[in-house]
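Below, chain A is the first sequence line, B the second, and so on; all start at residue 1. Fair warning: this is a prediction, and the values are worked out from it, not measured in the lab.
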2 protein chains.
Amino acid sequence: MDIDTIDRKILSILQGDGRIANVELAERIGLSPTSIGERLKRLQRDGFVEGYGARLNPHRLGLGLLVFVEVMLDKTTPDVFERFARAVQNAPEVLECHMVAGGFDYLVKARVADMAAWRRFLGERLLALPGVRETRTYAVMEEVKRDAPLPVG
Amino acid sequence: MDIDTIDRKILSILQGDGRIANVELAERIGLSPTSIGERLKRLQRDGFVEGYGARLNPHRLGLGLLVFVEVMLDKTTPDVFERFARAVQNAPEVLECHMVAGGFDYLVKARVADMAAWRRFLGERLLALPGVRETRTYAVMEEVKRDAPLPVG
DNA sequence: GTCTATATCCATCATTTATCCGGTCATCTA
DNA sequence: TAGATGACCGGATAAATGATGGATATAGAC
């Protein structure tokens, strides 16, 4: 149920190029395509590989602004947390949302077109939710490192 | 140089399943595989699709802890920023790093095995950098929404 | 030691897929 | 009108995939 060096190499290469041909992957590792195929199938079955996806350029798609928001909730009813989580999952602008330990409750990462779009989303969606006590928005000025691959090596 | 509804549908499907066969993609959209192939090639050439990658499960790989860190730098020399950026890019634990406008300078997202590993990384790597004045670590307790696809629709 | 079960690897082959090429049709323009 | 352009399609070919059977090695039970 655990993986060896070859498996890690497969994952590493596949994380960088999810569409690489099995034969080339096999060549690069030094095993037959059949073996690599079996290993990959196992890695998928055991949940190491959850899927494949195209990496899209957000700016090209008109999503020029990346923002992070710290959200504090009223802790009066536990229902508030559930409702917030559901709202966030239904909002396509929100790419990530994490419950954190520390000074605030949720950290939200979102992509929108510009500041105007963000103001609209913040006012009409986030602040409209019941239980949202306070938010702090941090606009990203420069993406120093973007979506690096997981360290599998 | 801009894209239509069909292109968006291609991007949307491909973002969810980057390994889908061209023929099935064509079927699902209602065009011939050739046309889809031509469109896809154009989308790649024009930078809408930057690549493909396998989605790996971080927990399976022993990366059980997700943390966000707010970093404040001494603004004495401009060299400090460059050096910090470079260090962060070379650190495999760091998945993202953004320069933000607001109360602090950088927001760092990192994945490590556990709190012990994080303490080690924080002490030996981050705080060892010259110019790092203050850091605030927020450990993620629950990932409410994880790496959602970009809204292309 | 021997037998069995399991795991890893490999070569082969039928099927599926990607891609190149030529050709059609509609639209626009000189 | 003639020519150019762009989006689309079908057919042919070269390549990749996936399934099968088989070889080898290791570990455990008896």
Side-chain angles (χ1 to χ4, degrees), chain A residues 1-63 147 149-153, chain B residues 1-64 113 147 149-153:
Chain A
M1 202 66 173
D2 49 351
I3 60 178
D4 62 9
T5 309
I6 296 178
D7 290 325
R8 289 184 188 278
K9 211 176 292 183
I10 293 176
L11 292 178
S12 176
I13 294 177
L14 229 42
Q15 198 176 13
D17 181 4
R19 270 203 150 176
I20 188 176
N22 223 332
V23 281
E24 193 190 331
L25 184 58
E27 275 173 19
R28 193 121 45 110
I29 290 180
L31 250 65
S32 78
T34 315
S35 290
I36 298 294
E38 287 171 0
R39 279 177 179 268
L40 182 52
K41 191 179 256 181
R42 174 173 50 79
L43 289 170
Q44 290 177 166
R45 177 173 45 78
D46 293 349
F48 291 94
V49 178
E50 295 182 336
Y52 302 87
R55 282 191 293 268
L56 307 187
N57 185 323
H59 296 91
R60 272 277 192 227
L61 294 168
L63 300 170
D147 270 320
L150 294 179
V152 295
Chain B
M1 202 70 172
D2 50 349
I3 60 178
D4 61 9
T5 309
I6 296 178
D7 291 324
R8 289 184 187 277
K9 211 177 290 184
I10 293 176
L11 293 177
S12 175
I13 295 176
L14 229 43
Q15 199 177 13
D17 180 4
R19 270 202 148 177
I20 188 175
N22 222 332
V23 280
E24 193 190 332
L25 184 57
E27 275 174 19
R28 202 139 17 127
I29 290 180
L31 250 66
S32 79
T34 314
S35 290
I36 299 295
E38 289 170 359
R39 280 177 178 267
L40 182 51
K41 191 179 257 179
R42 174 172 49 81
L43 289 170
Q44 290 176 167
R45 176 172 46 78
D46 293 350
F48 291 94
V49 178
E50 296 182 335
Y52 301 86
R55 284 189 292 268
L56 307 186
N57 185 324
H59 296 92
R60 272 278 193 227
L61 295 168
L63 301 169
D147 271 320
L150 294 179
V152 294

Trainee: Out of curiosity, B/Phe48 CZ to B/Arg39 CZ, how far, rounded to the nearest 0.5 Å?
Mentor: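 So the gap between those two atoms works out to 12.0 Å.
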Trainee: Below 4.0 angstrom, which residues in residues 10-34 of chain A have at least one non-hydrogen atom near DNA chain C?
Mentor: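 Listed by number, they are A/Leu31, A/Ser32, A/Thr34.
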Trainee: What's the shortest heavy-atom distance between A/Ser12 and A/Val152, and which atoms?
Mentor: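 So the two residues come closest at CB-CG2, 3.4 Å.
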Trainee: Working to the nearest 0.5 angstrom, can you tell me the gap between A/Ile36 CD1 and A/Asp7 CG?
Mentor: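 Here the rounded value is 8.5 Å.
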Trainee: Assess whether a salt bridge exists between B/Arg42 and B/Glu38, defined as any Lys/Arg side-chain N lying under 4.0 Å from an Asp/Glu carboxylate O.
Mentor: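 Not counted as a salt bridge, because no side-chain N and carboxylate O are separated by less than 4.0 Å.
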Trainee: Of the non-hydrogen atoms in B/Ala54 and A/Val49, which two are nearest, and what is the gap between them?
Mentor: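 Taking B/Ala54 first and A/Val49 second, the nearest heavy atoms are CB-CG1, 4.3 Å.
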Trainee: Taking atom OG1 of B/Thr5 and atom CD1 of B/Ile10, what is their separation to the nearest 0.5 Å?
Mentor: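 The CD1 atom of B/Ile10 is 11.0 Å from OG1 of B/Thr5, to the nearest 0.5 Å.
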Trainee: Main chain of A/Gly51, side chain of B/Arg55: is a donor-acceptor contact present, judged purely on distance under 3.5 Å?
Mentor: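 Checking the backbone N and O of A/Gly51 against the side chain of B/Arg55, no donor-acceptor pair under 3.5 Å is found.
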Trainee: As an exercise, state the distance from CD1 of A/Ile3 to CG of A/Asp46, rounded to the nearest 0.5 Å.
Mentor: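 Here the rounded value is 10.0 Å.
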Trainee: Pull out every protein N or O sitting under 3.5 Å from an N or O of nucleotides 24-26 of chain C, one pair per line with the distance.
Mentor:
none

Trainee: Between B/Arg60 (side chain) and A/Leu43 (backbone), is there a donor-acceptor pair under 3.5 Å?
Mentor: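 Such a contact is absent between B/Arg60 side chain and A/Leu43 backbone.
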Trainee: Strictly below 4.0 Å: does B/Ser35 bring a side-chain N or O up to OP1 or OP2 of D/dC9?
Mentor: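 B/Ser35 to D/dC9 OP1/OP2: side-chain N or O found under 4.0 Å.
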Trainee: When rounded to the nearest 0.5 angstrom, what distance separates CG in A/Leu150 from CG in A/Leu11?
Mentor: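 With rounding to 0.5 Å, CG (A/Leu150) is 10.0 Å from CG (A/Leu11).
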Trainee: Identify, residue by residue, the members of residues 36-55 of chain A with a heavy atom below 4.0 Å from DNA chain C, and return them in order of residue number, or none.
Mentor: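 Listed by number, they are A/Glu38, A/Arg39.
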